[in-house]
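Okay, so here's the structure we're looking at.
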Amino acid sequence: MKCPFCNYTDTKVIDSRAQDEGSVIRRRRMCEQCGKRFTTYERMDMIPITVIKRNGTREIFDKAKLQNGIIKSCNKRPVTAADIQKLVDDIENVLMGSGEREVESQMLGTMVIDRLKDLDEVAYVRFASVYRQFTDINSFMDELKKMLVEKDIQE
């Protein structure tokens, strides 16, 4: 690693620590020539996942965009930021672990809905109303009835 101060190419690692649940390694280094210290971060190089939208367009998976949609559906609900972060991280891990480089937005939406249903029913209905594009009150009521039937079966 080249020293950012004197451009000397020999540096020594003084300390290494894992961060972000082991996905990043932070290294403290010292230049062999000038003796100054600096920090580097080592991350896994990952190929981005492409989301195929309903209209056929493609865009790069954006974790922040997914998280913002979930936050909106959980507005004024007893869902913690940690719960939302865990949900988003879980979905991202499933996507990365699948080995697929493209995912349809419908599959992504279904993953969110399945997890929100267990987390908070109102947030689930809010997200589903946008995701499933309810056109009228009847389609909204059909979804609520389906949810109540599933709840009765579980109890």
Side-chain angles (χ1 to χ4, degrees), residues 1-135 140 143 147 150 154:
M1 175 68 58
K2 187 164 78 170
C3 174
F5 304 104
C6 69
N7 291 326
Y8 190 66
T9 56
D10 241 353
T11 60
K12 178 168 71 172
V13 175
I14 299 170
D15 182 42
S16 290
R17 294 186 186 186
Q19 288 185 329
D20 293 335
E21 298 176 9
S23 63
V24 175
I25 297 176
R26 176 185 180 267
R27 298 193 194 279
R28 286 294 294 161
R29 295 177 178 269
M30 185 175 82
C31 177
E32 299 269 318
Q33 182 169 318
C34 70
K36 292 192 178 180
R37 296 178 180 204
F38 59 98
T39 303
T40 60
Y41 295 91
E42 184 178 314
R43 289 179 175 78
M44 189 175 3
D45 191 18
M46 298 195 302
I47 300 170
I49 293 175
T50 302
V51 177
I52 304 168
K53 311 279 281 187
R54 286 182 186 171
N55 64 6
T57 61
R58 288 170 155 69
E59 65 180 49
I60 300 297
F61 171 73
D62 185 354
K63 185 176 178 178
K65 184 176 177 183
L66 178 65
Q67 187 171 7
N68 287 337
I70 295 169
I71 287 170
K72 286 176 187 174
S73 67
C74 294
N75 188 29
K76 296 184 181 179
R77 298 297 305 153
V79 178
T80 66
D83 290 337
I84 294 170
Q85 187 64 51
K86 184 179 181 306
L87 191 152
V88 172
D89 288 344
D90 180 44
I91 290 172
E92 183 184 39
N93 289 338
V94 168
L95 291 175
M96 294 297 183
S98 73
E100 297 292 323
R101 292 297 133 219
E102 291 188 336
V103 62
E104 293 191 14
S105 62
Q106 291 89 345
M107 188 181 115
L108 196 56
T110 301
M111 291 171 75
V112 173
I113 281 179
D114 290 344
R115 286 159 178 80
L116 274 179
K117 193 182 292 187
D118 296 332
L119 190 62
D120 186 87
E121 291 174 342
V122 173
Y124 159 77
V125 172
R126 287 176 178 170
F127 192 89
S129 68
V130 174
Y131 167 67
R132 295 208 171 121
Q133 298 176 339
F134 295 149
T135 54
F140 190 75
E143 185 67 30
M147 191 173 91
E150 288 175 6
Q154 289 176 355

Assess whether side-chain contact (heavy atoms from CB on, under 4.5 Å) is satisfied between Ile25 and Tyr41, documenting all intermediate values. CA-CA 6 Å; Ile25 297 176; Tyr41 295 91; over 6 Å; no
Could you walk me through whether Ile84 and Gln67 pass the side-chain contact (heavy atoms from CB on, under 4.5 Å) check? CA-CA 7 Å; Ile84 294 170; Gln67 187 171 7; 4.1 Å; yes
Picking from Asp118, Ile113, Val112, what satisfies side chain to side chain contact (heavy atoms under 4.5 Å, CB included) with Leu116? Val112
Is there a side-chain contact between [X] and [Y] in this structure, where contact means two heavy atoms from C-beta onward sitting under 4.5 Å apart?
X: Ile60; Y: Ile49; answer: no
X: Leu119; Y: Leu87; answer: yes
X: Met30; Y: Lys36; answer: no
X: Arg26; Y: Glu42; answer: no

Using side-chain contact (heavy atoms from CB on, under 4.5 Å), reason through Asp120 and Cys74 one step at a time and then give a plain yes or no. CA-CA 8 Å; Asp120 186 87; Cys74 294; 5.6 Å; no
Passes side-chain contact (heavy atoms from CB on, under 4.5 Å), Thr50 versus Phe61? Steps please. CA-CA 6 Å; Thr50 302; Phe61 171 73; over 6 Å; no
Does the distance from a Lys or Arg side-chain N to an Asp or Glu carboxylate O, for Lys53 and Glu104, drop under 4.0 Å? no
Would Glu59 and Lys65 pass as an ion pair if we require N to O under 4.0 Å? yes
Donor on one side chain, acceptor on other, Arg29 and Thr39, under 3.5 Å: no
How long is the span from the CZ atom in Arg126 to the CD atom in Glu121, to the nearest 0.5 Å? 13.0 Å
When rounded to the nearest 0.5 angstrom, what is the spacing between NZ in Lys86 and CZ in Arg115? 9.0 Å
If you compare all heavy atoms of Asp83 against all heavy atoms of Val79, which two are closest, and at what distance to 0.1 Å? CB-CG1, 3.8 Å
Under 3.5 Å, side-chain donor or acceptor atoms of residues 91-98 against the rest of the protein: list the pairs with distances, not counting sequence neighbours.
from: Glu92; atom 1: OE1; to: Lys63; atom 2: NZ; distance (Å): 3.0
from: Asn93; atom 1: ND2; to: Asp89; atom 2: O; distance (Å): 3.2
from: Ser98; atom 1: OG; to: Leu95; atom 2: O; distance (Å): 2.8
from: Ser98; atom 1: OG; to: Glu100; atom 2: N; distance (Å): 3.2

Identify all side-chain donor-acceptor contacts of residues 1-16 below 3.5 Å with residues at least two apart in sequence or on another chain.
from: Thr11; atom 1: OG1; to: Met1; atom 2: O; distance (Å): 3.2
from: Asp15; atom 1: OD2; to: Arg17; atom 2: NE; distance (Å): 3.0
from: Ser16; atom 1: OG; to: Arg27; atom 2: NH1; distance (Å): 2.8

